[in-house]
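I have placed the structure first, in the form of structure tokens, so that the comments after it can refer back to it.
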There are 2 protein chains.
Amino acid sequence: MSLTHLQSFVAVAEEGHVGRAARRLHLTQPPLSRHILALEDELGTRLFERTPRGMRLLPAGETLLCHARRILADVDTAVRTVRNLSTRERSTHPES
Amino acid sequence: MSLTHLQSFVAVAEEGHVGRAARRLHLTQPPLSRHILALEDELGTRLFERTPRGMRLLPAGETLLCHARRILADVDTAVRTVRNLSTRERSTHPES
DNA sequence: GGTAGTTACGAATTTCGTAACAATC
DNA sequence: GATTGTTACGAAATTCGTAACTACC
């Protein structure tokens, strides 16, 4: 499980389409498809139903989507918090 | 930023020592040291103070530690939730 | 035949571990 | 000189993209 896999998963879930999600992520279809397959393999269950139109979330996928969004948002918050903290520290106590 | 980097960070923070953290993670010191340096580089700030005894958390590191623990716990929960869900599904609706 | 996802496979990138280095007691 | 973290660098593993394949209308 990696953040890259989770980002890929959310993009495919939101687009319902590997091709569009790949464009959105500036990737090609095959690696993105592999991310989803790896995730399904690791979790031991299918996350999407493959339809002729694209990908539709299955119940396990719906559940993962909630968790994935929260995790990715928390990572974003963590990065921005620590960055802001260090910026403020630098402007308050300049060292040079 | 990757989950591997966050795991490495938490281990070093808890052990206060790259060598011990490396043993705990079944890794050698250099890659682990690089994980911390990469994290510090990405966040634009030092996370640890290097002492002759080992590594001591700086304020930015304390902040990140809270976020990192929560993120890693959420990932663990997500994996276990989806896995349990699929196991229950399989025993309730056997397909073969 | 067009649209979708997947597999094969070689190239590029990343990440690892050994060895050597630097710094502090 | 012993203990700590870091840098150099070649080897191993991962991940990418192109091309070819499969499946469904």
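Bear in mind the structure is a predicted one, so any value in this text is a computation, not a measurement.
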Atom CZ of A/R56 and atom P of C/dG5 are separated, to the nearest Å, by 13 Å

If you check every side-chain atom of B/P52, which of C/dT6, C/dC25, D/dT18 has the closest atom? C/dC25

If I take atom CD in residue B/E40 and atom C1' in nucleotide D/dG5, what distance separates them, rounded to the nearest angstrom? 11 Å

Just how far, in rounded Å, is C1' of D/dT4 from CZ of B/R50? 12 Å

Nearest nucleotide by nearest heavy atom, which residue falls closer to the 5' end of DNA chain D, B/V18 or A/T4? B/V18

Distance check needed: D/dT6 P versus B/R46 CZ, whole Å only. 7 Å

C/dG5 P sits how many Å from A/L27 CG, rounded? 14 Å

Which nucleotide in the set D/dA19, C/dA4, D/dC24 lies at the smallest distance from any side-chain heavy atom of A/P30? D/dA19

Using the closest heavy atom to pick a nucleotide of DNA chain C for each, name whichever of A/T51 or A/R34 lands nearer the 5' end. A/T51

Please state whether the phosphate of C/dT6, meaning OP1 or OP2, lies under 4.0 angstrom from any side-chain nitrogen or oxygen of A/S33. yes

Using a 3.5 Å distance criterion without hydrogens, assess whether the side chain of B/S8 forms a donor-acceptor pair with backbone atoms of B/T4. yes

Less than 4.0 angstrom from a charged side-chain N to a carboxylate O is my criterion; do B/R50 and B/E40 meet it? yes

Exam field: side chain A/R83 to backbone B/E42, donor-acceptor pair closer than 3.5 Å: yes

State which of C/dT6, D/dC16, C/dG17 makes the closest approach to the side chain of A/P31. D/dC16

To the nearest angstrom, how far is A/Q29 atom CD from D/dC21 atom P? 18 Å

Would the number of heavy atoms belonging to other residues, nucleotides or ligands and lying under 6.0 Å from CZ of B/R24 be above 12? yes

Can you tell me the distance, in whole Å, between the CZ atom of A/R53 and the P atom of C/dG5? 12 Å

Is A/H35 near enough to D/dC16 that one of its side-chain N or O atoms lies under 4.0 angstrom from OP1 or OP2? yes

Specify the separation, in whole Å, of atom CG of A/L39 and atom P of D/dT15. 13 Å

